[in-house]
Amino acid sequence: MEGSLPSSSSEVSINLQNDPIVKKYGSKKVSLTRCLLTKEEMKTYHFPLQGFPDCENFVPIKCCGSITNNSPLFGLDCEMCLTSKGRELTRISLVAEGGCCVMDELVKPDNKIVDYLTSFSGITKKILNPVTTKLKDVQRQLKALLPPNAVLVGHSLDLDLRALKMIHPYVIDTSLLYVREQGRRFKLKFLAKVILGKDIQCPDRFGHDATEDARTALELAQYFLKYGPKKIAELNLEALASHQELEAAGLEPRNTAEVVQQLNTSVLECLDSVGQKLLFLTREADATEISSSKNCQTIKCLSNKEVLEQARVEVPLFTFSIVQFSLEPFPPNLSEEMSKRMKIKWMEMSTVYAGPFSKNCNLRALNRLFESFGPVLSVTLTLESHQPHLCIQYEVLEGAQLAIESLDGSLVEGTCIKVQRPVTELTLDCDILVNELEQDSENRGTIYLSGVSETFKEHLLQQSSLFLGLEALILPKDLKNGKQKNYCFLRFKTFGSAHRALGILTGKNWKLKGRHALTPRHLHSWLRGLPPESRPPGLRVIPPPSEQEAVQMLNLDHPKIAAWRWGRKIGKLYHSLCSGTLCLILLPGTESPQVLRLSPPAEQGEQEHGLCFPALCNLSFHDAIQPETHQHSTGQRTLLSKDKPSGSQESST
């Protein structure tokens, strides 16, 4: 018999404005179209989308109709099994508004089944043996059943659509509709009990009922539309979920106020409260005080190799693990060499060549054109080619990237020009690196703007209603004369808010140039902190010896070779972990007690307005990990892994 959940509203006053559902949707009732996932959200949460390389053979559901608030809703749920090729569909259920099941089909996978996942799917070999329906049959039937303006509703719907190998642009995902803190998700079973007052997926049943799950997801979406975010926020779902987790662990639930306070405790305390243990794998010589904690199981090994072997076996058995490898500290001359190479690479990435231009080109006008994309350190006219070219070095990477995206292939002074980076061994993977930087969590909610004036801040504040979710305005200043530079960064709570703001600020009313940010703020500080002599004179960047030559010059026991080899081994360990594992890797670097700060102060020479950057999570690593492990010690790598909760997305940092 499952325990009842408390009514939180009577025990603790709830600040509704801080509820994640109210933060996203506001307190008033929302329309159906507002609940749909945007294309950007579907991309973020790995929904299958047309044109994506991993969706080449996916079948699009007809969607020529326009979506309105009266468009029909259909609940969808699928069950899967594990085959030699991965997860494949074994059952699909489709429920129409009113709760009528319009499709419930068993499906035989194309590949050999290695695990029926019966405890979840309820599917057995005996049930599936007589089935002849294949995936293509289900796809054809689904396309025929759904009207052009259908909206699909499900819980973690991305997994269902991938199992179906189908693409549909109009979806409501209840695991994302009922927003939870820190990117986590509520389970369907929990929402069914708290919101709808019904029990599903009961332990005495044989697996999940796909029709029941599809109907439940549909009812949850209908409840959200009928009562609105405020009504749901008043339930204090986060506190109720914490209460249920404690109860499930066999611990005596506390009152709701204590449950809310529990969110601010340390990692070790959180694990202890739900009866879980932390796994700590380390070399015997590197053991710290964390290993003496009562709910920390420490395995001490004699070598890094033994740590790696133990990790492959033990990590999947624990909810939360810390795996620590140790490398010898890099010698100072090698660290200095790597820093110089990194800065040279950054300079080359921030440099563009543009041309060809005519011999009578207006250099002053061209200079103004390229300065409009960002602060320019120098412009050099290159005469080595048949026709003149310009070499422009930008102060920030965003300026160079914006110039390439805006001017490459365009007509300038009557000539079609090409704008590109110098091609050296350090810039060969530049496009991949730029894409990775854009997707980095540090940059996702930040935009870069060029052409801002001294009155930009005042103008922005006057129009603040246009820029919902704005957290910080960063206005860099010239360190020599104290004057404000002509570019800035704006940080928003979400990528969607940043994207909308970028569209407004680069429109006809503001006439600014900009793009999504590429460089986290700590990188600018690091580049400025390097010795000035590491910058080559002018723009004549002489590349260092190739990586191959450098490796040939090093003996096999050199620290750089050792680090490279262990990097590959740790990579193999990462790929052997189950899908959905969260990993945090600390790379070798210089000692600094501020490495794990979640909200860095404004850098010298920069002004930050509005709110500070929010903390990334409520878990206190200070209490969980002793101070000496806070220091980003030279020669240490740490892998922190955590199994994903039901319905959560895979992420890695």
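Computed from a predicted model, the values in this text were never measured in an experiment. Count residues from 1 along the sequence.
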Q: Could you tell me which residues satisfy ring-ring contact (aromatic ring centres under 6.0 Å, His included) with Tyr116, sequence neighbours excluded, listed by chain and number?
A: none

Q) Do Arg184 and Glu238 sit within salt-bridge range, that is, some charged N less than 4.0 Å from a carboxylate O? A) yes

Q.
I'd like to know if the side chain of Glu398 and the backbone of Tyr448 have a donor-acceptor N/O pair within less than 3.5 Å.
A. no

Q: Would you please name every residue forming a side chain to side chain contact (heavy atoms under 4.5 Å, CB included) with Pro60, sequence neighbours left out?
A: Gln50

Q. Do Ser93 and Arg91 pass the side-chain contact (heavy atoms from CB on, under 4.5 Å) test, and can you show the C-alpha distance, the side-chain angles, and the key distance before you say yes or no?
A. CA-CA 7 Å; Ser93 290; Arg91 183 183 176 186; 3.8 Å; yes

Q) Is the number of heavy atoms from other residues, nucleotides or ligands within 6.0 Å of CG (Asp104) greater than 12? A) yes

Q) Should Glu212 and Thr216 be marked as a side-chain contact (heavy atoms from CB on, under 4.5 Å) after you check the CA-CA gap, both sets of side-chain angles, and the distance that decides it? A) CA-CA 6 Å; Glu212 180 183 59; Thr216 300; 4.3 Å; yes

Q) So, the side chain of Thr494 versus the backbone of Ser497: is there a donor-acceptor pair under 3.5 Å, distance only? A) yes

Q: Identify the two heavy atoms, one from Val194 and one from Leu237, that lie closest to each other, and give their separation to 0.1 Å.
A: CG1-CD2, 3.6 Å

**Q.** N/O donor-acceptor pair under 3.5 Å between Ser156 side chain and Leu159 backbone
**A.** no

**Q.** ring-ring contact (aromatic ring centres under 6.0 Å, His included) partners for Phe467, two or more places apart
**A.** Trp510

Q: Taking side chain to side chain contact (heavy atoms under 4.5 Å, CB included) as the test, write out the residues that go with Lys134, two or more places apart.
A: Lys108, Asp110, Lys136, Asp137

**Q.** Ring centroid separation His516 to Phe495 under 6.0 Å
**A.** yes

**Q.** Beyond-backbone contact of Lys231 with Tyr223, side-chain heavy atoms, under 4.5 angstrom
**A.** yes

Q.
Are Val323 and Val315 packed together at the side-chain level, in the sense that at least one heavy-atom pair is separated by less than 4.5 angstrom?
A. yes

**Q.** Atom pair CG (Asp160) and CD1 (Ile92), whose distance is rounded to the nearest 0.5 Å
**A.** 8.5 Å

Q: May I have the step-by-step check of side-chain contact (heavy atoms from CB on, under 4.5 Å) for Thr118 and Ile123, ending in yes or no?
A: CA-CA 5 Å; Thr118 305; Ile123 304 295; 5.7 Å; no

Q.
Can you tell me how far apart SG (Cys81) and CG (Leu117) are? Round to the nearest 0.5 Å.
A. 7.0 Å

**Q.** For Tyr25, all residues meeting ring-ring contact (aromatic ring centres under 6.0 Å, His included), sequence neighbours excluded
**A.** Phe224

Q: Pick out which of Arg185, His155, Glu219 makes a side chain to side chain donor-acceptor pair (under 3.5 Å) with Thr174.
A: His155

(Q) Checking Asp209 against Gln201: is there a side-chain donor and acceptor pair closer than 3.5 Å? (A) no

Q. Is there side-chain contact between Leu106 and Thr133, with heavy atoms separated by less than 4.5 Å?
A. no

Q: Name all residues meeting the side chain to side chain donor-acceptor pair (under 3.5 Å) criterion together with Thr132; count only those two or more places apart in sequence or in a different chain, and write none if there are none.
A: none

Q | Residue that, paired with Leu157, satisfies side-chain contact (heavy atoms from CB on, under 4.5 Å) out of Ile172, Leu176, Leu152 | A | Leu152

Q) Closest approach of Leu89 and Ala163, non-hydrogen atoms and distance? A) CB-O, 3.8 Å

Q: Ignoring hydrogens and angles, tell me if any N or O in the side chain of Thr446 forms a donor-acceptor pair with the backbone of Ala517 under 3.5 Å.
A: no

(Q) For Lys305, I'd like to know if atom NZ has over 12 heavy atoms of other residues, nucleotides or ligands within 6.0 Å. (A) no

Q.
Going by side-chain hydrogen bond (donor to acceptor under 3.5 Å, both in side chains), name the pairs with one or both residues in residues 74-90, residues two or more places apart or in two chains.
A. Thr83-Glu88, Glu88-Asn111

**Q.** Short side-chain donor-acceptor distance under 3.5 Å, Gln439 and Arg444
**A.** yes

Q) For Asp158 and Pro48, which heavy atoms make the closest approach, and how far apart are they? A) O-CD, 4.2 Å

(Q) Check whether Tyr178 reaches the backbone of Leu220 with its side chain - one donor and one acceptor, N or O, closer than 3.5 Å. (A) yes

(Q) Measuring from atom CG of Leu490 to atom CG of Leu502, what distance do you get when rounded to the nearest 0.5 angstrom? (A) 9.5 Å

Q. Say you draw a straight line from OG of Ser121 to CD1 of Ile127; how long is it, rounded to the nearest 0.5 Å?
A. 8.0 Å

(Q) Measuring only between side-chain heavy atoms, which start at C-beta, is Val307 closer than 4.5 Å to Gln324? (A) no

Q: Taking the side chain as every heavy atom from C-beta outward, state whether Asn443 and Thr519 have any pair of such atoms under 4.5 Å apart.
A: no

Q) Quick check: does any side chain N or O of Ser71 sit under 3.5 Å from a backbone N or O of Ile67, one acting as donor and the other as acceptor? A) no

Q | salt bridge (charged side-chain N to carboxylate O under 4.0 Å, His left out) between Glu105 and Arg140, worked out | A | CA-CA 13 Å; Glu105 290 283 348; Arg140 194 181 305 115; over 6 Å; no

Q. Taking C-beta and beyond as the side chain, do Tyr227 and Ile232 meet within less than 4.5 Å on heavy atoms?
A. no

(Q) With salt bridge (Lys or Arg N to Asp or Glu O under 4.0 Å) as the rule and sequence neighbours excluded, what pairs involving residues 28-39 come up? (A) none

Q: Would you check if the side chain of Gln139 reaches a backbone N or O of Val59 as a donor-acceptor pair within less than 3.5 Å?
A: no

Q | Non-hydrogen side-chain atoms of Pro229 and Ser27 separated by less than 4.5 Å | A | no

Q. Taking atom CG of Leu196 and atom CD of Gln222, what is their separation to the nearest 0.5 Å?
A. 9.5 Å

Q: Determine the minimum heavy-atom distance between Lys126 and Pro130, stating which atoms define it.
A: O-CD, 3.4 Å

Q.
Nearest 0.5 angstrom please: Leu281 CG to Arg312 CZ, how far?
A. 13.0 Å

**Q.** 4.5 Å side-chain heavy-atom contact, Ile200 and Leu188
**A.** yes

Q.
List the residues meeting ring-ring contact (aromatic ring centres under 6.0 Å, His included) with Phe52, not counting sequence neighbours, and say none if there are none.
A. none

Q: Only counting residues at least two apart or in another chain, list the ones meeting salt bridge (charged side-chain N to carboxylate O under 4.0 Å, His left out) with Asp429.
A: Lys345

Q. Does anything in residues 161-179 pair up under salt bridge (Lys or Arg N to Asp or Glu O under 4.0 Å), and if so which pairs, sequence neighbours excluded?
A. Asp54-Arg162

Q: Please name the pair of heavy atoms, one in Val107 and one in Pro109, separated by the smallest distance, quoted to 0.1 Å.
A: O-CD, 3.5 Å

Q. Where the side chain of Arg491 meets the backbone of Glu471, is there a donor-acceptor pair that is under 3.5 Å apart?
A. no

Q) Of all residues at least two apart in sequence or in a different chain, which pass the side chain to side chain contact (heavy atoms under 4.5 Å, CB included) check with Asn18? A) Asn15, Lys23

Q: Identify the heavy atoms of Ile21 and Asp19 that sit nearest to each other, and give their distance.
A: N-OD1, 2.9 Å

